[in-house]
Amino acid sequence: MVELAPSILSADFSRLAEEVQAAQSGGGSVIHIDIMDGHFVPNIAVGPPVVKSLRRVTGAPLDCHLMVENPDQLFPELADAGADWVSVHYEACRHLHRSLEAIREQGMAPAVVVNPATRVDLLIDILPMVHHVLVMTVNPGFGGQQFIDFTLDKVRHLAALRQSLGLDYRIEVDGGIAHDTIASAVEAGADLLVAGSAIYGSGHPEQEARELLALARAAERAGKKTREPGAAAI
Ligand code: DX5
Ligand code: ZN
């Protein structure tokens, strides 16, 4: 089942609880929190204290996307703050297997992220360890960028690998997910859909989330129909 993950990066930080609740009222069911250190990416954005505050206002999974040079040092604090899912970049982890284990040891669900230029084949050996793979559909660091089309090949590849390897990780996409791109991400096999500016940019997060989720669900239903036995191949 597809889920929509509102990214708070584009929300009004002076009213964060309200913004999260509005997106949840529209059907957002995972809260995506971008943590940036100004080194791995040029931007700086929030840390464990914000995770802790959000933990008090929502029961939805808190999905922490770490865009930092030294992710391992944040795991204990994130666990204390109440984070549920923690994703680390392939490009930032010298010892990725160790980092994923450390996340799990702290009681959180480990995930790995790949930038647009990174091949997903590099992840094959650690796929059995992850709760989800996050495919960046823009280069990380900023909201409101344009979706990069070729990244959907990675989503398709990950969906095929999941089936051939008999695994059950989820596939998340992040960056440029909006009304005109969400269906193609779902058709490619994504089931966790992060959206920042498409939800918060207009000032109507509840309505935008509702519309995005409806588009995603329609694409999911259409995909299931074409895969039913006897359905015409497309
Ligand atoms: C970008 C972040 C995203 C960001 C997406 O590096 O990882 O989560 O909020 O923003 P939009 O949906 O506006 O592209
Ligand atoms: Zn993100």
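Counting starts at 1 for both ligands and their atoms, in listed order. Residues take their numbers from the sequence shown, with the count starting at 1.
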N/O/S atom name from His65 that is nearest to the position of the Zn ion (ligand 2): ND1

Name of the Asp34 atom (N/O/S only) found closest to the Zn ion (ligand 2): OD1

How far is [atom] from its nearest protein heavy atom, and which residue and atom name does that atom have?
{"atom": "atom 14 (O) of ligand 1", "value": "Gly176 N, 2.8 Å"}
{"atom": "atom 11 (P) of ligand 1", "value": "Gly144 N, 3.6 Å"}
{"atom": "atom 1 (C) of ligand 1", "value": "Phe142 O, 3.5 Å"}
{"atom": "atom 12 (O) of ligand 1", "value": "Gly196 N, 2.8 Å"}

Between [Y] and [X], is there a salt bridge with N-O shorter than 4.0 Å?
{"X": "Arg217", "Y": "Glu220", "result": "no"}
{"X": "Asp121", "Y": "Lys154", "result": "no"}
{"X": "Glu77", "Y": "Lys52", "result": "no"}

Kindly say whether the aromatic ring centers of His131 and Tyr169 come within a distance under 6.0 Å. no

For OD2 in Asp174 and NE2 in His32, the angle at the Zn ion (ligand 2) (nearest 10°) is 100°

Residues in ring-ring contact (aromatic ring centres under 6.0 Å, His included) contact with His32, at least two apart in sequence or another chain: His65

At less than 4.0 angstrom from any non-hydrogen atom of [X], what atoms of ligand 1 do you find?
{"X": "Leu9", "result": "4 (C), 9 (O)"}
{"X": "Ser197", "result": "11 (P), 12 (O), 13 (O)"}
{"X": "Asp34", "result": "2 (C), 3 (C), 4 (C), 7 (O), 8 (O), 9 (O)"}
{"X": "Met67", "result": "6 (O), 7 (O)"}
{"X": "Gly141", "result": "1 (C), 6 (O)"}
{"X": "His65", "result": "7 (O)"}
{"X": "Ala195", "result": "12 (O)"}
{"X": "His32", "result": "8 (O)"}

Should Ile35 and Leu134 be counted in the same cluster of Ile, Leu, Val, Met, Phe, Trp and Tyr side chains packed under 4.5 Å apart? no

Hydrophobic clustering (ILVMFWY, side-chain heavy atoms < 4.5 Å, transitive) - are Val68 and Val86 grouped together? yes

Separation of Asp153 CG from Arg119 CZ (nearest 0.5 Å): 10.5 Å

Greater than 12 external heavy atoms within 6.0 Å of Arg15's CZ: yes

Got a sec: does the CD of Glu101 have more than 12 other heavy atoms crowding it under 6.0 Å? yes

The one among Gly143, Pro6, Ser10, Ser7 that brings a heavy atom closest to atom 10 (O) of ligand 1: Gly143

Run the contact test for Asp174 against ligand 1 with a 4.0 Å cut-off on heavy atoms, strictly below, and give the result. yes

Check contact between Gly175 and ligand 1, using heavy atoms of the residue and a distance below 4.0 angstrom. yes

Hey, mind stepping through Arg55 and Asp84 against salt bridge (charged side-chain N to carboxylate O under 4.0 Å, His left out) and telling me if it holds? CA-CA 10 Å; Arg55 182 73 296 160; Asp84 297 288; 2.7 Å; yes

